[in-house]
Amino acid sequence: MGNEELSKNYEPHQAEERWYAYWLENHFFHAEDKSEKPPFAIVIPPPNVTGILHMGHALNNTLQDIIIRYKRMQGFNALWMPGTDHAGIATQNVVEQELAKEGLSRHDLGREKFIERVWEWRSKYGGAIINQLKRLGSSCDWERERFTMDEGLSKAVREVFVKLYDDGLVYQGDYIVNWCPRCHTAISDLEVEYHQEASNLWNIRYPYADGSGDIIVATTRPETMLGDTAVAVNPNDDRYRDKIGKEVILPLVNRKIPVIADDYVTMEFGSGAVKITPSSDPNDFAMAGRHNLEIIPIMDGNAMINANGGPYCGQDRYTCRENVVRDLEEQGYLVGIEPYAHNIGKCYRCKTDIEPTVSKQWFVKVTPLAKEAIAAVVKGNTRIIPSTWEATYFEWMNNIRDWCISRQIWWGHRIPVWYCDGCGKVIVSKTDPDRCPECNSTTLRQDEDVLDTWFSSALWPFSTLGWPEETDALKTFYPTSLLVTGFDILFFWVARMMMMGLYNMKNVPFRDVYLHALVRDEKGEKMSKSKGNSIDPLQMIDKYGADAFRFTLAAFTAQGRDVRMSEERIEGYKFFINKIWNATRFTMMNLEGFSGRDEKPGEGSGLLPDRWIRARLNRTIEEISQQLDEYRFNDAAAGIYQFVWHEFCDWYLELIKPVLYGKEEEGKKEDVLRTLYMVLKQSLQLLHPFMPFLTEEIWQKCIHDGTSIMISPFPKTVASYQDLSAEKEMSLLMEVITKIRNIRGEMNVPPSKKITVTISAPDPGMKALMNRDRNYIVNLANLEQLTIGGDMEEPKGVATGVVASMRIFVFLEGVVDISAEKERLKKEMAKMEKELKMVSNKLSNQDFLQKAAPQIIEKEELKYKGLRDKFSILENLYKKFEEIKE
Ligand SMILES: [Zn+2]
Ligand SMILES: [Zn+2]
């Protein structure tokens with residue numbers, strides 16, 4: 001049994017290192033593949049191997065750790081599956097930057113050597129984020145750590161790709177993709193960032209081929225006209241009704257293109273006629289499909305004009321724009337230029353302008369997959385929490401477009417497709433083929449592309465459990481219980497896991513999805529290095545300890561609201577830690593030499609404080625369990641904070657001091673000690689999911705019966721602890737004591753000064769209660785004398801407070817010099833009145849109001865308001881003194 005003396009202060013750093021190592025050594029984070037216990041599983045949102053712990057990770061992982069520790073203590077076979085993501089483009093970029101320092105590009109190394117280099121980088125630096133998660137206290141089952149590019153997961157990726165292909169759900173097609181000419185890859189719609197930029201709208205004249213005038217088109221990208229294959233108008237536009245079906249001559253290119261009608265065209269935009277470039281615009285591409293238009297690509301992978309651009313061939317897109325505009329103007333086709341702000345899509349990695357491009361890409365046909373994923377949420381097989389996100393999920397899933405899964409980079413899962421040079425056969429295979437099954441040729445070329453990073457993360461909930469093998473872990477933990485993630489990856493990740501889970505496992509990947517908000521600063525602004533308002537989690541852990549940091553995150557995580565963080569808030573919870581530490585020191589000091597602390601925990605002394613604290617503990621256990629079950633992290637944190645700080649430390653410990661010191665209720669001391677110990681112990685257990693290190697430190701030194709708090713049972717409610725009458729009685733008592741303390745404060749009675757109080761209690765029941773509890777009032781309000789009577793007249797020289805039907809008379813005679821106090825207040829009020837007058841004169845002076853800067857006026861107004869508030873406080877106080885009968 002631990003019973004060491006605690007040092008004066010809690011040292012978080014020592015404790016954190018020591019206990020994390022101890023937990024690991026004892027495999028406490030490990031879940032069993034097969035177990036009698038009910039399973040509970042969470043898969044971690046795998047951080048990028050390039051990641052550095054930021055506030056988003058800190059929040060996300062703290063919440064997961066709270067839940068998994070809670071479930072583990074509740075007796076679940078609790079698995080928190082960890083791992084990292086290979087993060088295709090991000091990681092490739094990092095290594096390319098490294099190479100650039102050596103004056104090399106990935107092309108200098110070649111594909112194989114480059115990939116080797118990335119693996120080297122990964123083994124050297126890829127573990128950084130994992131170590132940072134450990135500093136936070138994350139109790140992941142590290143023995144199971146996975147990586148999206150490891151052997152098992154790569155096998156799962158191929159398995160799924162081939163299955164999708166065989167089911168006709170993967171296809172290769174011409175498609176317009178968001179092309180980053182810098183990264184040389186297609187990126188998904190979700191990865192495009194839009195920025196509004198000031199630009200122009202160019203109005204260009206396209207003459208009719210039959211010489212009957214011309215049609216004006218408006219465009220924000222004049223250079224793309226080189227690839228125009230139609231002009232489109234709205235079929236309901238009277239201005240153009242007779243023009244539909246005619247041909248126009250494309251200026252500069254001198255190609256004939258048709259005028260077509262399509263509902264997509266807005267009549268109000270520009271002239272109502274638009275140029276159609278299927279190779280450069282997704283909407284035009286779609287229109288080309290509807291009208292069977294030719295698609296003429298005009299740019300290469302570097303966004304340079306290709307041979308289809310005629311004289312502009314070899315120019316980059318921006319130079320080409322200048323030249324096209326100049327030529328149009330010279331040749332009289334440019335009708336006008338208007339300034340126009342529009343959204344420009346940028347690559348999320350490198351901020352280069354996206355160039356929509358038509359190319360051969362691999363796609364997943366998602367509509368049938370999305371249907372299942374929608375149904376699963378409708379049926380409640382997966383719950384999205386907070387439920388407000390459901391609508392967003394449905395909206396997106398109902399309008400989902402096919403998922404472009406090929407990326408033109410090297411780092412990632414290479415697409416398992418081979419082309420036979422002999423006969424042209426396309427071979428899609430789980431294993432690398434050595435010859436063509438058709439013609440036996442051995443000259444096979446593997447597809448150059450890799451899969452979108454999100455393809456492997458979409459399989460994460462089952463691939464990490466060993467799929468496609470039928471492992472025990474898979475049987476035990478799939479579907480997983482909960483996913484905790486930021487709402488910003490609902491589509492990137494959550495939706496795709498839903499689709500892939502249902503498709504491969506015929507069951508949802510998780511029962512609950514808890515979506516948390518983003519971490520912002522205390523004013524609600526986005527954190528950013530450039531604004532200087534970002535908080536570095538590791539720095540906070542260094543400064544205040546992991547527990548204070550974790551507790552703050554939980555305390556500010558309210559469903560559906562931003563998590564507003566500041567360093568002061570974290571510092572504030574450091575005081576909470578001190579409070580717990582000191583309360584423990586106090587408790588242990590009093591328990592010294594007492595050997596029966598673990599006996600008869602169910603029985604208390606029967607004294608009001610004991611009955612009350614048990615009832616409150618019981619209620620707190622019930623509420624916290626419910627709040628954690630409902631992922632109401634802030635409520636749970638507030639509940640335990642309130643209980644430990646205010647009820648246990650501020651009230652209970654004070655109430656029992658006379659008993660502990662042998663001044664009262666002598667025979668009850670041992671029973672009180674038992675309650676004290678039981679409540680401290682269970683408070684630590686309730687706190688453990690939030691503050692794992694502090695609670696383990698105290699547990700090991702003071703409490704433990706041979707093992708760790710992290711595997712001790714989470715407190716359960718005890719029916720016999722319920723005590724409504726104790727709660728009612730205590731709340732009345734607290735009100736009375738608080739009232740007397742407030743009066744003492746207002747009337748400037750020094751805390752050490754003992755005073756006399758009379759309570760007038762017309763209700764006989766209340767009077768009896770007050771009499772029974774009189775010692776508590778005397779002790780906690782620091783009274784010389786307490787009289788409790790029936791209905792009484794207000795005596796002279798008292799300040800009066802009211803609690804329920806009782807009146808509380810605090811005698812001030814001899815304690816406070818009432819007339820001197822009144823005099824003092826009067827003087828102070830007079831002085832303040834003068835100041836108020838001065839400021840108000842200033843504020844009504846027209847000259848001042850006209851000449852002074854607005855911020856000066858505002859300052860004066862604030863000053864005025866502050867003085868007014870102070871004045872009214874003094875005024876009220878003065879009134880109270882006036883009411884005292886002398
Ligand atoms: Zn890019
Ligand atoms: Zn062949």
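Heads up: numbering here begins at 1 and tracks the sequence. One-based numbering, in listed order, for ligands and for the atoms of each. Only heavy atoms go into these numbers, but all of them, side chains included; no hydrogens, no water, no symmetry mates.
Between Arg106 and Glu96, at least one side-chain N (NZ, or NE/NH1/NH2) sits under 4.0 Å from a carboxylate O, which counts as a salt bridge.
Within a radius of less than 2.8 Å around the Zn ion (ligand 2), the protein N, O or S atoms are Cys420 SG, Cys423 SG, Cys436 SG, Cys439 SG. Within a radius of less than 2.8 Å around the Zn ion (ligand 1), the protein N, O or S atoms are Cys180 SG, Cys183 SG, Cys347 SG, Cys350 SG.
Shown here for Lys275 and Asp284, the closest heavy-atom pair between the two residues is O-OD2, 3.6 Å.
Here CE of Met498 is found 10.5 Å from CG of Leu483. Values are rounded to the nearest 0.5 Å. Atom CD of Glu223 sits about 5.5 Å away from atom CE of Met299, to the nearest 0.5 Å. Considering NZ of Lys346 and CD of Glu193, their distance stands at 10.0 Å, rounded to 0.5 Å.
Here the side chain of Asp536 pairs a donor or acceptor atom with the backbone of Leu538 at under 3.5 angstrom. The main-chain N or O of Lys430 is never found under 3.5 Å from a side-chain atom of Lys155 such that the two would form a donor-acceptor pair.
Classified by interplanar angle (parallel below 30°, tilted 30° to 60°, perpendicular above 60°), the ring pair Phe269/Tyr340 is perpendicular. Ring orientation note: the planes of Tyr125 and Trp121 are tilted relative to one another, at an angle of 30° to 60°.
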